[in-house]
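Step one of this worksheet: look at the structure below.
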Amino acid sequence: MNTPRLAGHLLVECLIEQGVTHAFGVPGESYLAVLDGFHRHADRIRFVINRQEGGAAFMAEAHGKLTGRPGVCFVTRGPGATNASIGVHTAFQDSTPMVLFVGDVASDCRDREAFQEVDFFRFFGPLAKRVERIDDARRIPEYVARAFATALNGRPGPVVLVLPEDMLTHPVEAAPLPRVEAVEAWSDPGALRQLRELLLQAQRPLVLAGGGGWTPQAAQALARFAENWQLPVCNTFRFQDTFDNHHPLYAGDVGLGINPALAKRIQQADLLIAIGPRLGEATTGGYTLIEAPRPRQKLVHIHSSAEELNRVYQADLAICASLSAAARSLEVLTAPPQVPWADWAQGCHADYLANIDPANGGVQLPGEIDLPQVIHTLQRLLPADAVLTNGAGNFASWLHRFYRYPGLARGLKTQLAPTNGAMGYGVPAGVAAAITTGRTVFTIAGDGDFLMNGQELATATQYGAKSIVLLLNNGMYGTIRMHQEREYPAHVVGSSLHNPDFCALARAYGYAAERVTRTADWEPALRRALDAPTGTLIEMPLDPQVITTRGTLDAIRQAALRRQQT
């Protein structure tokens, strides 16, 4: 018989049993008993106090991406939960395992529109894999274990557990259930034989790898599959560390701002093998690069969720398998002594190398900052296991195009970025990575992006974490301005920003800070940041004309005006 203790304490014990080392959140009076459980077990689990629930949810999502285990977030009811919804949506679209715990109104107040009451089943229903409320404290172990299983199995994603305030204070004798592991779903042997036949008939195959659920072992198996068959591999949008970017079979990333040569290769391919991605809008060029619902190319789609297969794209071959099991099945698929697409594979990689050479296909951009050189310096100075994070905005395109990720096959995840295009993700994701891994963390942010969650630098300082933030400041919401100029040229409204002194703001949070206005000053500043005992923000003012890696704002406007005239 277990010793009776508060249900809130039992909940924390269940998290410990699931291997949770960090929980992120903003405290609320609706789950004080859980907070007391964190105090009781402070030697085994750490509650990280955030400054806003959106930042907390982003940190939990980033933790889930880094570890492959559900990231955990705690928020209070009403405003706390609605603030956290952005992280839940990110976890859902990015297929990241996560569990959000929401302190709720007491049971005797429910359904009266009590203080901060929200119907969480309706609110989170479209955003989460499952939403449940624990009314009986004795069933806490059951609900927690099921939440972790749901978050991990099939297509990974977020689960929301609602915790009535009075339930958490009940005395309870239940014991935690054992740690839940993801269930492996193996490929059908007949489907693998069919895949092999499709490969043997192909002349221009291409692999698209990405999505949530990859492990280092799965990435290594993917590399062996590609090498055995000499297959060119693309990484899908913001999963650029799925396959080693230095590998001679790497063809580039498929997403926003895609290399035009790679886009052409996808259209020319006669067989696409999509391993892991949902094939969403960003990866498919708005469902035109790969036409929906029936692609021009033959399509093999391998995904961990049966519900995702044939949902948007009717595949020639759909295989439901977890990525780890699928990759291990593919690596032993017998390849012929020679394949007819060797030149095709070499050409795909040559296109990638040409794309990361700023001298090819680019334009002369104004100002004193050479951003391709900034990224190349970053590549040279960061350790191989550094974690790179970003939110949403055109600023991220410089990292996406020019940085070469080492890949999960080398053992560690190195990219944290939101496929749902959530602004404000990069700073809290970087802080979470620093807190939970101790590795070097680099965040690239825009001015608008930074101001959405820059306050989480205070969280980093409180926990002795260190991240390096490169803030590209062009005084506007650059992506929106680009689209304005493309669709309504010279009609500028709502996209200009009057910004604070970012260096002073960073120092107020406890970060070192400096402003770099010339490319020559970037390397010394980065070296100082790497050597500094605390985090550092480096502000880099940009000419507003520097809007994409391939053109200027004026060029976009002039092209739009020419279209209007014709």
Side-chain angles (χ1 to χ4, degrees), residues 93-95 155 187 195 198-199 202 204-214 218-219 221-223 225-227 229-245 247 249-305 308-321 323 326-327 330-331 333 341 344-345 347-349 351-352 355 400 405 407-409 415 417 419:
Q93 289 220 324
D94 289 40
S95 301
R155 174 184 167 187
S187 310
L195 170 56
L198 289 169
L199 275 168
R204 297 177 303 280
L206 200 56
V207 173
L208 284 76
W214 286 94
L222 169 65
F225 168 59
E227 290 161 358
W229 286 84
Q230 286 301 293
L231 291 167
V233 179
C234 313
N235 289 331
T236 58
F237 181 54
R238 290 183 170 165
F239 288 101
Q240 288 173 251
D241 60 351
T242 306
F243 190 83
D244 185 357
N245 297 183
H247 197 287
L249 289 170
Y250 184 58
D253 67 295
V254 185
L256 303 179
I258 187 174
N259 176 9
L262 177 56
K264 188 175 181 179
R265 293 274 183 183
I266 293 172
Q267 292 170 331
Q268 292 174 337
D270 59 1
L271 175 62
L272 297 177
I273 305 174
I275 309 174
R278 293 188 297 112
L279 296 178
E281 181 183 4
T283 292
T284 62
Y287 307 104
T288 60
L289 191 62
I290 306 172
E291 292 182 4
R294 186 68 177 163
R296 294 189 306 273
Q297 313 90 330
K298 287 189 180 298
L299 174 64
V300 175
H301 195 182
I302 302 174
H303 200 274
S304 56
S305 170
E308 188 62 35
L309 295 167
N310 295 317
R311 186 171 71 87
V312 177
Y313 288 98
Q314 186 178 10
D316 295 272
L317 176 60
I319 299 176
C320 184
L323 293 182
L330 293 173
E331 74 169 320
L333 202 63
W341 55 76
W344 162 263
C348 289
H349 185 62
D351 289 345
Y352 166 68
N355 187 56
H400 293 345
Y405 290 89
L408 265 172
Q415 183 186 34
T419 69

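Only heavy atoms go into these numbers, but all of them, side chains included; no hydrogens, no water, no symmetry mates. All residue numbers refer to positions in the sequence shown, counting from 1.
Residues Phe225 and Ile275 come closest through the heavy atom pair CE2-CD1, 4.3 Å. The shortest non-hydrogen separation linking Ala219 to Ala409 is CB-N, 3.5 Å. Of all heavy-atom pairs spanning Gly210 and Leu323, the tightest one is O-CD1, 4.2 Å. A pairwise comparison of heavy atoms in Tyr250 and Asp244 identifies CB-O, 3.6 Å as the closest pair.
Residues satisfying the salt bridge (charged side-chain N to carboxylate O under 4.0 Å, His left out) criterion with Glu227, sequence neighbours excluded, are absent altogether. Remark: Asp241 engages Tyr405, Lys413, Thr414, Gln415 in a side chain to side chain contact (heavy atoms under 4.5 Å, CB included) (not counting sequence neighbours). Residues satisfying the side chain to side chain donor-acceptor pair (under 3.5 Å) test with Thr283, not counting sequence neighbours, are none. For Arg265, the salt bridge (charged side-chain N to carboxylate O under 4.0 Å, His left out) criterion is met by Asp351, not counting sequence neighbours. Taking the salt bridge (charged side-chain N to carboxylate O under 4.0 Å, His left out) definition, one finds that Asp94 meets it with Lys65, sequence neighbours left out. For the side chain to side chain contact (heavy atoms under 4.5 Å, CB included) test, residues two or more places apart in sequence or in another chain that qualify with Ala218 are Trp214, Thr215, Ser324, Ala327. Qualifying side chain to side chain contact (heavy atoms under 4.5 Å, CB included) partners for Gln230, counting only residues two or more places apart in sequence or in other chains: Leu249, Val339, Trp341. For Glu331, the salt bridge (charged side-chain N to carboxylate O under 4.0 Å, His left out) partners at least two apart in sequence or on another chain are Arg224. Residues meeting the side chain to side chain donor-acceptor pair (under 3.5 Å) test with His400, sequence neighbours left out: Arg238, Gln240. A search for side chain to side chain contact (heavy atoms under 4.5 Å, CB included) contacts involving Gln267 returns Leu289, Arg296, not counting sequence neighbours. Partners of Gln314 by side chain to side chain donor-acceptor pair (under 3.5 Å), not counting sequence neighbours: none found. Contacts of Glu308 classified as side chain to side chain donor-acceptor pair (under 3.5 Å), with partners at least two apart in sequence or in another chain: Arg311.
Ring orientation note: the planes of His303 and His301 are nearly perpendicular, at an angle over 60° on the 30°/60° scale.
At least one donor-acceptor pair under 3.5 Å links the side chain of Arg204 to the backbone N or O of Gln268. A donor-acceptor contact shorter than 3.5 Å is absent between the side chain of Asp253 and the backbone of Asn235.
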